[in-house]
Amino acid sequence: MAHLLPVGGWYEEAAFLFASPHRAANGDTEFRFIECVMLKPDDFAARHSDYLELRDSVRACLIKRAHDLTSSIVEMHSHVGPYRAAFSYSDIQGLKDNVPHMWWRLKGRPYASIVVARDGIDALAWVENPAIPIGLDEIHDGGNVVRPQGTTWREWA
C-alpha cells in the first residue's frame, strides 16, 4: 500500500501480483499470492493523477512472467487525491477492452483488478467469463482481512 498510495503522491501508481488460482471447498476461487512487481515511473507510456497506461514492453514482460509461473495476474492501481475507491469510467472501459485479451493470453486463467484509494479498495475478478466480472469478497493480507467496497461490481454495465 505504501507503493500505491505514497504520502504526498500526485500520480496513480500500479503494481501487478502473480497469483495461483485455486477452487476452494465452497466453490469460490481464491487467488494465492506468488510474487509482486511494483511499477516504476519509466514503466508507463502515460501517467497522470487520473490515468495511467503501461508501455507495451512492460505488458509483454508481465504476461511472460505469468506464463513462467503458470499464474493469474492481479493488477492493482491507485486513485490519488479525493477520488473514491471505485473503478473510474476510463478504468471500466480499459478493463472491458483488456481483460478478454489478457484472458486469451493467459490461456483462460482468472484475472483480477484492484483499485485502492484513501477511503478503501474496490476489486473485480473474471473467473468464468472474460466479459463478466464478479466482485471479490475479501482480501487477506497477512493477518488482516480487507473487504472491497463492491461499488463497481454493483454498477457494472
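Among residue pairs with one or both ends in residues 10-22, those qualifying as side-chain hydrogen bond (donor to acceptor under 3.5 Å, both in side chains) are Glu13-Arg47, Ser20-His22; sequence neighbours excluded. The ring pair (Phe, Tyr, Trp, His ring centres under 6.0 Å) pairs that include a residue from residues 44-81 are His77-His79, where partners are two or more places apart or lie in different chains.
With sequence neighbours excluded, the residues that form a side chain to side chain contact (heavy atoms under 4.5 Å, CB included) with Ala45 are Glu53, Arg55. Applying the salt bridge (charged side-chain N to carboxylate O under 4.0 Å, His left out) test to Arg118 and every residue at least two apart in sequence or in another chain returns nothing. Take Lys40 and apply the salt bridge (charged side-chain N to carboxylate O under 4.0 Å, His left out) test, not counting sequence neighbours, and it matches Asp43.
Counting heavy-atom neighbours within 6.0 Å of Trp153 CH2, excluding the residue itself, gives a total of 12 or less.
Using a 4.5 Å cut-off between side-chain heavy atoms of Ile, Leu, Val, Met, Phe, Trp and Tyr, with links allowed through other members, Phe31 and Phe16 fall into different hydrophobic clusters. There is no path of hydrophobic side-chain contacts, each under 4.5 Å, that joins Phe33 to Ile73.
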Pair up each side-chain donor or acceptor in residues 125-141 with any protein partner under 3.5 Å, not counting sequence neighbours, and list the distances.
from	atom 1	to	atom 2	distance (Å)
Glu128	OE2	Arg23	NH2	2.9
Asn129	OD1	Ala131	N	2.7
Glu138	OE1	Arg147	NH2	3.4
Glu138	OE2	His140	NE2	2.8

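Of all heavy-atom pairs between Leu106 and Tyr111, the closest is CD1-CD1, 4.1 Å.
Atom-to-atom distance recorded for Ser113:OG and Met102:CE is 10.5 Å, nearest 0.5 angstrom. Taken from CG in Asp122 to OG1 in Thr151, the straight-line distance is 5.0 Å, to the nearest 0.5 Å.
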